[in-house]
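By convention in this document, chain letters (A, B, ...) are assigned in the order of the sequence lines, proteins followed by strands, and residues within each chain are numbered from 1. Note that this is a predicted model, so its numbers are computed, not measured. We use all heavy atoms of the structure for the numbers below, so side chains are in, but hydrogens, waters and symmetry mates are not.
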Protein chains: 2
Amino acid sequence: MELRQLRSLVALTETGFNVTQAAERLHLVQSAVSQHLSRLEEELGVVLFERQGKRLIGITATGKQVVNYARKTLANTENILAIGRDFSEESLGTLRIGTTHAQACYVLPSVLRMFRKTYPDIIVQIHQSNPKQLVEMTINNTVDISICTEALADAPGLKTLNCYRWNRSLIAPQGHPINDLHPLTLEALCEYPLISYLSGFTGANHLRKTFARLGLKPKVVLSAADTDVIKTYVREGFGIGIVVSSANSSMDADLEAQDLSRLFPWETTRVAYNQDKYLRHYESHFISLLQTGVANNGISLFT
Amino acid sequence: MELRQLRSLVALTETGFNVTQAAERLHLVQSAVSQHLSRLEEELGVVLFERQGKRLIGITATGKQVVNYARKTLANTENILAIGRDFSEESLGTLRIGTTHAQACYVLPSVLRMFRKTYPDIIVQIHQSNPKQLVEMTINNTVDISICTEALADAPGLKTLNCYRWNRSLIAPQGHPINDLHPLTLEALCEYPLISYLSGFTGANHLRKTFARLGLKPKVVLSAADTDVIKTYVREGFGIGIVVSSANSSMDADLEAQDLSRLFPWETTRVAYNQDKYLRHYESHFISLLQTGVANNGISLFT
DNA sequence: ACTCCTTACGGAGCACGTAACTATA
DNA sequence: TATAGTTACGTGCTCCGTAAGGAGT
């Protein structure tokens, strides 16, 4: 068995069992990949792919298992190479961050600013996706580190660290009657048209459930993926907004903010990486920045 | 990077950094292993071994990390080969069982008898060692499956399953006064010369601690590693014996047995294997036999 | 007819072995 | 001097690429 063969095998599964594409991805010709596959099947004495004539149309159950271990094998060779780079070219490399939309995007800029001070030459890639996909990408080593709130609590195969906790604030235009309402209640929030995040984003599901548990029906007139959009429409007078508390640190003069952490559950944003992964120095550094450095950003640390 | 290079690397660490021996183990000549090492160090840009002139005298911290991942890499390739064998030669293979002395040896025979009925051609190796080493061997893939009572409760890197629980019985010659003593107490046991297991074997440590906790000093006149030895000396009148309950299932006519499970803590024997290991069909079968089949042997199942 | 995979064949590269060299105990 | 490791060099294997041949859509 050779590592090349395993690489071809994995490439095949990732191109929908297409030998030609797999070969391209590996900078080889079709026949090479084809040979890899037949050699491997011969050595193992097992059929890895389902075929119609000569075409590959699917993977066998056994094939899936083999691919699973092939991935791990290759991941470990990558780890070894990573150790090497950690010593021979410590300040070079790529940091592939997987993250959900708005929430982590609000934190990342300041963290990355700090990160760049120490590692200015590391290429940072931000892969935006939904929590479920992020888990997948982290396990498949498509990204190095994932940051998100919703899923990945304890996904098997991942090492997960608590990062920080956050809650929501109400924003309303200056002079809006709700600004004088103390204490605020969930019922009061239902009196006015609401603007908040789209389902699946930034704790929107917990928000919805909190109202639903009390049988309340908030009048949500607009849902956005982005805090800035929400703010814009609040300014336009479409309604009052519920946003991540950290988002009003810049203190827009024309908006008033009230803390809502008594009314809604605290959310925990977590950072996760593949448990089998060797963390390069700069990756560890990035994680520790995430865990400690965000205090500067007006976000409460996880305690 | 090539798998051969990793194999040489691991062999080097396992032969005390001796290139010649490593080469022999791999059926290669010295120069081949030497080249593997230099190529690998060159590719990684890292010094893996400490040297005095040309001699390897130790491994660097970085080297240890690389070896760690190299082991995992190779283990995964072995897993892939194992999958292959599971289909192409299902009834052939080797089962390397790591186990502590007496205790598991009393259970294994009957389990292996059942095992052979289904898989008569599997070569069974029994590697006898102490619990601590067993953990090591299981992680290093020197053995496939370990069975023991004392350690490996939740050693990291191992998957551990409860197997069965057991306790001790008193054995004494016919007509010995202690046979009429009901109920038995720890104090009563201290009245007579005792024969039991050597420290480290078969729950001997828990036995000792149970006495010690009450400030009792049993008169241990003889310690053996083997139940048969204990029985022999009990017959000879050297003293009364404390042995694994399962050991008197054959009911020697000249000895009387009393259950001691009220007096001593229950022990749990566990089976463990490397969490990254692919279990071949016959290995899973063996484990399920261990977990269910031992009831036939007069040993209480884990409940 | 086009796409896709396999098989045959040839060349280039490299991994291993032999052997000479160097260094340590 | 004996033991251990590196370096040099040649041979044979094998891996990849070119190209031709089937097989499916």
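- Within the 4.5 Å cutoff, no side-chain heavy atoms of B:V46 are placed close to those of B:V66.
- Atom C1' of nucleotide D:dC15 and atom CG of A:L40 are separated by 15 Å, given to the nearest angstrom.
- Side-chain contact annotation: B:H127 with B:T142, donor-acceptor N/O pair under 3.5 Å absent.
- Comparing D:dT14, D:dC16, C:dT6 by their closest approach to the side chain of A:S34 singles out C:dT6.
- With ring centers used as reference points, B:Y282 lies 6.0 Å or more from B:F286.
- Set against D:dT6, D:dA4, D:dT14, the side chain of B:R51 has D:dT6 as its closest nucleotide.
- One can place NE2 of B:H27 at 11 Å from P of C:dG17, the figure rounded to the nearest angstrom.
- Atom CD in A:Q30 sits roughly 12 Å away from atom C1' in D:dA19 (whole-Å rounding).
- Between B:N18 and D:dT3 there is no side-chain polar atom (N or O) within less than 4.0 angstrom of OP1 or OP2.
- For the pair A:H36 and D:dC16, the criterion of a side-chain N or O lying under 4.0 Å from OP1 or OP2 is met.
- For the pair A:Y278 and A:A82, the tightest heavy-atom approach, listed with the atom from each and the gap, is CD2-CB, 3.8 Å.
- Atom CZ in A:F17 sits about 18 Å away from atom C1' in C:dT3, given to the nearest Å.
- Candidate nucleotides D:dT18, C:dG17, C:dT6 were compared by shortest atom distance to the side chain of B:L28, and C:dG17 ranks first.
- The residue among B:Q52 and A:V33 whose nearest nucleotide of DNA chain C is located toward the 5' end is A:V33.
- For B:R4 and C:dC14, the shortest distance from a side-chain N or O to OP1 or OP2 is not below 4.0 Å.
- Closest to the side chain of A:Q35, out of C:dC16, D:dG21, D:dG17, is D:dG17.
- Among the protein residues, A:F49 comes within range of no part of the nucleic acid, since none of its heavy atoms lies under 4.0 Å from any strand.
- Looking at heavy-atom distances under 4.0 Å, A:V19 makes contact with sugar-phosphate atoms alone, never a base.
- Mapping A:R39 and B:S31 onto DNA chain D by nearest heavy atom places B:S31 closer to the 5' end of the strand.
- Distances from the side chain of A:R55 to the nucleotides C:dT6, C:dG17, D:dG24 place D:dG24 closest.
- A straight line from CG of A:L56 to C1' of D:dG22 spans 15 Å, rounded to a whole angstrom.
- Rounded to an integer number of Å, the gap from NZ of A:K54 to P of C:dC5 is 11 Å.
- Projected onto DNA chain D by closest heavy-atom contact, B:L37 and A:Q5 fall at different nucleotides, the more 5' of which corresponds to B:L37.
- The shortest non-hydrogen separation linking A:E90 to A:R280 is O-NH2, 3.6 Å.
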